[in-house]
Engineer: 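My questions all concern the structure below.
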Amino acid sequence: MTTNSPSPHHTPVVIVGAGPAGLTVGNILRAASVNCVVLETESRAFIEQRPRAGVVEEWAVRGLERRGLAQGLLERAQRHSACEFRFAGERHRLAYGELTGRHHWVYPQPLLVADLVREYVDVRGGDARFSVRDVELHDLATDHPTVSYTCPDSGERRVLRCDFVVGADGARGVSRAAVPPGHARTARHDYGVGWLALLAEAPPSSDCVLFGVHPGGFAGHMARSPEVTRYYLQCPPGDDPDSWTHDRVWSELHRRLAGAGAAPLVEGPLIEKRVLDMHDYVVEPMTYGRLFLAGDAAHLVAPIAAKGMNLALHDAFLLGDALVAHLDGGDDTGLDGYSDACLRRVWDYQEFSQWLSEVYHGTAAGDPFRAGTTSARLRRLFTSPVAAAAFAEQYLGTAERY
């Protein structure tokens, strides 16, 4: 490793990635007066505007609230207590708030990231370095790992010497790739379908999330703000988003989200179109030496059940608290149990995502058997209070106690 920096700077923790996981860990550390550095390859303005997830489960909201990180969310987020399935031309509402007493909050990830950046940098005095290049992790299996990067202003290589590295830089970041072969297993699953992810400059057409289960493919409607709505359309994997014209998109949305007595969808300009190939992976264990993976660097769950940002926050709560316990009092219990504690929830959410995928996609699979079992699942959901309650618990992430 070569560097223009004559004396590597030491900080207890280096966090790679300024998403919800990395910034939450950083805020927890700063609240405990633990120094850390957050490295991010994008600019601050970019991460505060990048469209991502928008559904936050109640346990996650309460976790943010306990750590002084939920003020913006609680002031501006929409609270949701029900969802609606539309299939066979009918509408079936599931009031999960009444079944569980719990709710979802709709708060777009860019707003949460902006809140977390502001709290970390402007309020808690955290060190965040944006637009860095060529981040590399070194000596992770030793007690003295280092992280090097290129400074965007000077072009010089800089080195940070640390005690721990938090790898929270997502699916394509350097952290996951830094785990040597043979030191972790990556389990993968491909659903064999794609989703056309859309943002429409149009108000929501319903007061709740809509799931369209249709022979032509799944469709989803999720509010993002009073002016913007997220839609999904099932499509072939690798499909060209440019082949989906404005008229084609809205025609399919109207068709797949039809339901008796439903108001027509409110149309608007499409400000985002991209195709997501539905797949999952899980890295086990989520640690290597002094590297601790968090969020999408450790596990990817397809947006089928809106779990990704919630899992990232769960990782961050556990990891931030564990690092503070070690650095402040020498308690290694949290760090030693970090991976196992995270993976229990990860696998629970992955299983639910698989189950829900069959509900969403089975009708359109072209297989009469799968279509029949999908219909049976849906009928059970709306005729059995026990089945409805079980779904609500998993949908809200309250099925297990952690």
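Sequence positions, counted from 1, serve as the residue numbers for this chain. Since this is a predicted model, take the numbers as computed values, not measurements.
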Engineer: Please report the C-alpha distance between Y231 and W250 in whole Å, then the side-chain angles of each, then the deciding distance to 0.1 Å, and finally whether the ring-ring contact (aromatic ring centres under 6.0 Å, His included) criterion is met.
Structural biologist: CA-CA 10 Å; Y231 286 98; W250 286 107; 5.3 Å; yes
Engineer: Evaluate the side chain to side chain donor-acceptor pair (under 3.5 Å) criterion for residues Y107 and R76: first the C-alpha distance (whole Å), next the side-chain angles of each, then the deciding distance (0.1 Å), finally the verdict.
Structural biologist: CA-CA 8 Å; Y107 196 58; R76 294 183 285 172; 2.7 Å; yes
Engineer: May I ask you to check whether F87 and H92 place their ring centres under 6.0 Å from each other?
Structural biologist: yes
Engineer: Ion pair present between D348 and R345, side-chain N to carboxylate O less than 4.0 angstrom?
Structural biologist: no
Engineer: I need the single residue from E42, E40, E48 that forms a side-chain hydrogen bond (donor to acceptor under 3.5 Å, both in side chains) with R44. Which is it?
Structural biologist: E48
Engineer: Are the side chain of T374 and the backbone of E358 linked by a donor-acceptor contact shorter than 3.5 Å?
Structural biologist: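 Side chain of T374 to backbone of E358: a pair is present.
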Engineer: For the residue pair H104 and Q78, confirm or rule out a side-chain donor-acceptor distance under 3.5 Å.
Structural biologist: no
Engineer: Is the CD atom of E65 crowded by more than 12 outside heavy atoms at less than 6.0 Å?
Structural biologist: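 It does: E65 CD has more than 12 such atoms within range.
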Engineer: Is a side-chain donor-acceptor pair under 3.5 Å present for R157 with T150?
Structural biologist: yes
Engineer: Between W347 and F352, does the ring centre distance come in under 6.0 Å?
Structural biologist: no
Engineer: Relative to each other, are the rings of Y232 and W195 parallel, tilted or perpendicular (30° and 60° limits)?
Structural biologist: tilted
Engineer: Measuring centre to centre across the rings, with the benzene-like ring taken for any Trp, is Y96 within less than 6.0 Å of H103?
Structural biologist: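 Not close enough - the centres of the two rings lie 6.0 Å or further apart.
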Engineer: Taking atom types as modelled, find out whether D239 and W244 have a side-chain donor-acceptor pair closer than 3.5 angstrom.
Structural biologist: yes
Engineer: Fit a plane to each ring of W59 and F317, take the angle between them on a 0 to 90° scale, and name the class: parallel (under 30°), tilted (30 to 60°) or perpendicular (over 60°).
Structural biologist: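 The rings of W59 and F317 stand perpendicular, inter-plane angle above 60°.
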Engineer: Using a distance-only test with no angle check, is there a side-chain donor-acceptor pair under 3.5 angstrom linking H138 and S148?
Structural biologist: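 Their side chains do contain a donor-acceptor pair, which is all the 3.5 Å distance test asks for.
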Engineer: Quick check on H144: does its NE2 atom have over 12 non-hydrogen neighbours (other residues, nucleotides or ligands) under 6.0 Å away?
Structural biologist: no
Engineer: Can you say whether the rings of F85 and Y360 are parallel (under 30°), tilted (30 to 60°) or perpendicular (over 60°)?
Structural biologist: tilted
Engineer: Is R158 close enough and on-axis enough to Y149, meaning under 6.0 Å and within 45°, for cation-pi?
Structural biologist: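 No, R158 does not lie over the aromatic ring of Y149.
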Engineer: Please tabulate, for side-chain N and O atoms in residues 15-28, each donor-acceptor pair with protein atoms closer than 3.5 Å (sequence neighbours left out).
Structural biologist:
{"unit_1": "T24", "atom_1": "OG1", "unit_2": "P20", "atom_2": "O", "d": "2.6"}
{"unit_1": "N27", "atom_1": "OD1", "unit_2": "Y120", "atom_2": "N", "d": "3.2"}
{"unit_1": "N27", "atom_1": "ND2", "unit_2": "L23", "atom_2": "O", "d": "3.0"}
{"unit_1": "N27", "atom_1": "ND2", "unit_2": "L116", "atom_2": "O", "d": "3.2"}

Engineer: Looking only at side chains, do D169 and S175 share a donor and an acceptor under 3.5 Å apart?
Structural biologist: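 There is such a pair between these side chains.
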Engineer: With no hydrogens and no angle check, do the side chains of D247 and T245 hold a donor and an acceptor under 3.5 Å apart?
Structural biologist: no
Engineer: Tell me whether Q71 at atom CD has more than 12 heavy atoms from other residues, nucleotides or ligands lying less than 6.0 Å away.
Structural biologist: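 It does not: Q71 CD has 12 such atoms or fewer within range.
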